Chemist: 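This is the structure, below, for whatever I ask next.
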Amino acid sequence: MTLLIDFLYLLGLVAGAVVLVMLLTGLFFEVMNARHPERRIQKNRVNRRKWKELRQAPISILTLSACFAFGLFAQRQGWSLVPLDLTWWSGPLTLLVSVILYDAWFYWVHRLLHSRAFYRFHALHHKSVAPTVWSNHHESFAEALLNQAYYAIIVFILPIPWQMLVLQKIYDQVSGMLGHAGFEHFASPAGRTPWPLASTVFHDQHHGTFRFNYGHTFSFWDRLMGTLHPRYDDTLKSFEGSEQGSETAEPRSSKSR
Ligand SMILES: [Zn+2]
Ligand SMILES: [Zn+2]
C-alpha cells in the first residue's frame with residue numbers, strides 16, 4: 001500500500017511537471033508562430049482543430065507520465081539495473097545512448113502503428129494534416145503507451161542516472177512539440193544531408209503525406225530504410241536565410257485541418 005502511495009505521489013509530480021513544460025513550450029510557439037507567419041510550412045492549410053487536439057491531452061499526458069514515473073520508481077526501488085554514478089562522462093554518454101535508442105524505438109513503433117493492424121491506434125493523431133504545437137498530445141491511449149513504454153523499460157537495459165532520464169524526458173517533450181509546431185523556426189544545415197538531425201519540416205511532412213519521415217530526433221533510420229521524403233532536404237533548405245519557405249512542403253489545396 002505504501003508502495004502504491006509513493007508511486008502515485010511520484011506520478012502526480014511527473015504529470016504536473018509535464019503539464020508545466022507543455023504549457024510553456026506551447027505558449028512559446030504560439031507567440032513565435034504569430035510573429036513569423038512567413039515560416040508556416042503548409043502555406044495553404046490552416047489547422048483550426050487545436051481545442052479538439054487539447055481535449056485528448058489528459059489521456060496522453062497521464063499515460064506518458066505513468067510510464068516515465070514507473071521507470072524512475074523501478075530504479076529507486078532497486079528493481080532495475082543499478083544506475084551509474086552521475087559524472088562528467090557517465091551523464092552525457094548514457095544520455096546520448098538513450099536518445100539514440102529512443103529514436104530507434106520511436107521509428108519502429110511508428111512503422112508498426114502505420115501497419116494495417118495497428119493504424120486504428122494511430123488514426124487519431126493523423127486527423128491533423130497540418131499539425132499544431134498541441135497535436136503532440138493528440139493521440140490514443142494505446143499509441144501513447146506503445147511510444148512511452150520505452151521509459152518504463154530502459155532502466156532495465158541501460159544504467160542511466162535518473163537526472164539524465166529527466167533531461168531526456170524534458171527534451172522529448174519540447175522536441176515533440178517543436179516537431180508539430182507547423183512553422184519552421186530553426187532551419188539549419190544540421191537538419192539535412194549529411195547531418196542526421198530532424199527538423200519541424202521533417203515531422204510536418206509526415207503529417208502532410210502519411211508515408212514518409214517516421215523518425216523523431218534523427219533522420220537516420222528514414223535515410224537507411226528509404227522512407228525519407230524525397231523533397232525533405234530541399235524543403236528544409238528553402239526555410240534557411242532569406243529564402244524562407246519559398247518552397248512549400250506539400251502542394252495541397254486550401255483546407256482547414
Ligand atoms: Zn504517423
Ligand atoms: Zn505527429
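Not measured: the values here are computed from a predicted model. Ligands are counted one by one from 1 in listed order, and the atoms in each one are counted from 1 as well. These values consider heavy atoms only, across backbone and side chains, with no hydrogens, waters or symmetry-generated copies.
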Chemist: Can a cation-pi geometry be assigned to Arg111 and Tyr214, taking NZ or CZ under 6.0 Å from the six-membered ring centre and within 45° of the ring axis?
Modeler: yes

Chemist: Please confirm whether the ring centroid of Trp134 lies under 6.0 Å from the ring centroid of Trp51.
Modeler: no

Chemist: For this output row, return yes or no: ring centroids of Tyr151 and Tyr102 closer than 6.0 angstrom.
Modeler: yes

Chemist: Tell me every residue that passes salt bridge (Lys or Arg N to Asp or Glu O under 4.0 Å) with Arg35, counting only those two or more places apart in sequence or in another chain.
Modeler: none

Chemist: Can the ring centres of His203 and His216 be said to be less than 6.0 Å apart?
Modeler: no

Chemist: For the Zn ion (ligand 1), check which protein N, O or S atoms are under 2.8 Å away and list them.
Modeler: His110 NE2, His114 NE2, His122 NE2, His126 NE2, His206 NE2

Chemist: So, Thr235 and Ser238: side-chain donor and acceptor under 3.5 Å apart, yes or no?
Modeler: no

Chemist: Can you tell me, to 10 degrees, how wide the angle at the Zn ion (ligand 2) is between NE2 on His203 and NE2 on His180?
Modeler: 90°

